[in-house]
Amino acid sequence: MEQLNIFGDAGQTVALPADLMEYFPGTFNRQESFSLMHEFINTVPWQQRTITMYGKPMVTPRLTAWYGDAGAAYTFSGTKFDPLPWTDKLQQMRETVQAIAGTTFNSVLLNYYRDGNDSVAWHSDDEYELGIKPVIASVSLGQVRTFDVRRKADHQDKYSVDLENGSLLLMKGDMQHNWEHRIAKSPKLSKERINLTFRIINK
């Protein structure tokens, strides 16, 4: 089990406590990862939704889809997501991720970043349905993107890590209550990325 190494502004390596985050590169191999990404791009019924951020409606700068067990609905920024049924490939990925995380997930949010202009703003996954200390398993496919983390109480306490193709980032403990995360715009990047965050929705 590899503990996440995160790089600060000065370039030094900082180890974030393993009770908050763990990083597993190569969870899915290169060929498998690209195959899954292209299949999802072509088969998932992607939607671009309007959500409320900082009290204002905005169109999400990425495409999304929500899959899960029956009844595993999820409300994010005032928008309710009703789950689509699991596909065979998503079910297989879920089993792989569960074996590493030691957790049973009942839903997954897919985010499609079409290029570096797509992003997700600072936020925490701390919605009521996720429980007090949610365990979230984040799989990255395709283009490497930088995952930024900052402490809610002190925005100067911040780190970044490059999420590699086929990697798994496990977030747990007090992560969602004490920290925020984002994927910032990177206009120079032209390739596609899909991120899957496996979650536990308390019905």
Side-chain angles (χ1 to χ4, degrees), residues 1-7 13 15-16 18 20-47 62-69 72 74 81 83-116 118-120 125 130 134-149 159-173 175-176 181-184 186 189-201:
M1 183 173 293
E2 179 177 340
Q3 183 168 314
L4 177 66
N5 285 328
I6 296 185
F7 300 91
T13 300
L16 197 68
L20 296 180
M21 298 172 72
E22 291 179 287
Y23 184 57
F24 304 88
T27 298
F28 300 91
N29 66 44
R30 176 182 172 84
Q31 181 177 354
E32 182 181 20
S33 297
F34 281 119
S35 176
L36 286 167
M37 182 184 72
H38 290 302
E39 177 169 341
F40 292 148
I41 287 173
N42 293 317
T43 61
V44 168
W46 299 105
Q47 294 185 327
R62 63 194 177 283
L63 306 182
T64 62
W66 179 253
Y67 287 81
D69 296 351
Y74 179 47
F81 295 82
L84 297 165
W86 293 96
T87 66
D88 289 342
K89 288 293 175 61
L90 287 175
Q91 175 63 25
Q92 292 167 12
M93 291 185 72
R94 174 167 68 159
E95 292 173 358
T96 297
V97 170
Q98 287 180 160
I100 296 172
T103 301
T104 300
F105 299 102
N106 63 9
S107 53
V108 62
L109 176 65
L110 279 71
N111 284 289
Y112 175 21
Y113 298 81
R114 294 158 292 185
D115 56 32
D118 280 353
S119 62
V120 62
D125 297 312
L130 298 177
V135 176
I136 298 175
S138 174
V139 175
S140 295
L141 306 174
Q143 174 71 61
V144 176
R145 294 291 293 268
T146 300
F147 182 78
D148 298 319
V149 182
Y159 312 101
S160 297
V161 62
D162 290 336
L163 298 179
E164 302 165 288
N165 177 38
S167 66
L168 167 64
L169 177 69
L170 191 63
M171 298 181 283
K172 54 187 178 176
M175 174 71 184
Q176 304 304 327
H181 54 274
R182 72 171 181 179
I183 299 289
S186 301
L189 300 179
S190 60
K191 295 182 180 179
E192 300 157 314
R193 171 183 184 258
I194 287 180
N195 174 244
L196 304 91
T197 48
F198 292 85
R199 304 158 186 251
I200 306 166
I201 296 297

Is there side-chain contact between [X] and [Y], with at least one heavy-atom pair below 4.5 Å?
X	Y	answer
Tyr74	Leu130	yes
Thr146	Val161	no
Leu84	Pro45	yes
Leu169	Phe147	yes

Within this structure, what is the [atom1]-[atom2] distance for the pair [X] and [Y], rounded to the nearest 0.5 Å?
X	Y	atom1	atom2	answer
Ile194	Leu63	CD1	CG	9.5 Å
Met175	Leu170	CE	CG	10.5 Å
Leu36	Lys89	CG	NZ	6.0 Å
Ser138	Met21	OG	CE	8.5 Å
Leu168	Met93	CG	CE	9.0 Å
Glu32	Gln92	CD	CD	8.5 Å

Heavy-atom pair of closest approach, residues [X] and [Y]:
X	Y	result
Val144	Leu189	O-CD1, 3.9 Å
Trp86	Gly68	NE1-C, 3.3 Å
Pro25	Ser167	CA-CB, 4.0 Å
Ala137	Phe105	CB-CZ, 3.8 Å
Met37	Gly142	SD-CA, 3.5 Å
Thr87	Tyr67	CG2-CE2, 3.9 Å

I'd like to know whether Val135 forms a side-chain contact (heavy atoms from CB on, under 4.5 Å) with Met171, so could you lay out the CA-CA distance, the side-chain angles of the two residues, the decisive distance to 0.1 Å, and finally the verdict.
CA-CA 6 Å; Val135 176; Met171 298 181 283; over 6 Å; no
Glu95, CD: over 12 other non-hydrogen atoms inside 6.0 angstrom
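More than 12 heavy atoms, drawn from other residues, nucleotides or ligands, come within 6.0 Å of this atom.
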Check whether more than 12 heavy atoms from other residues, nucleotides or ligands sit under 6.0 Å from atom CG of Asp88, and answer yes or no.
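No, not enclosed.
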Just checking, any donor-acceptor pair under 3.5 angstrom between side chains of [X] and [Y]?
X	Y	value
Tyr112	Glu192	yes
Ser140	Asn165	no
Arg199	Thr197	yes
Asn111	Thr64	no
Arg182	Ser119	no

Assess whether a salt bridge exists between Arg145 and Asp118, defined as any Lys/Arg side-chain N lying under 4.0 Å from an Asp/Glu carboxylate O.
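Judged by the 4.0 Å cut-off on N to carboxylate O distance, Arg145 and Asp118 do not form a salt bridge.
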Check Arg193 with Asp115, please: is the shortest side-chain N to carboxylate O separation under 4.0 Å?
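Looking at Arg193 together with Asp115, the answer is no, because their closest N to O distance does not fall below 4.0 Å.
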Thr43 side-chain N/O to Glu39 backbone N/O, donor-acceptor pair under 3.5 Å:
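Checking the backbone N and O of Glu39 against the side chain of Thr43, a donor-acceptor pair under 3.5 Å is found.
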Does the Asp69 side chain pair with the main chain of Ala72, one donor and one acceptor, at a distance under 3.5 Å?
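Answer holds: no.
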Checking Leu196 against Phe40 for the side-chain contact (heavy atoms from CB on, under 4.5 Å) test, could you report, in this order, the C-alpha distance in whole Å, the side-chain angles of both residues, the deciding distance, and whether it holds?
CA-CA 11 Å; Leu196 304 91; Phe40 292 148; 4.0 Å; yes
Under the criterion side-chain contact (heavy atoms from CB on, under 4.5 Å), I'd like the reasoning laid out for Ser107 against Trp66: C-alpha separation, chi angles, the key distance, then a yes or no.
CA-CA 7 Å; Ser107 53; Trp66 179 253; 3.4 Å; yes
Under the side-chain contact (heavy atoms from CB on, under 4.5 Å) rule, what do Leu110 and Leu90 come out as? Steps first, then yes or no, please.
CA-CA 10 Å; Leu110 279 71; Leu90 287 175; 4.2 Å; yes
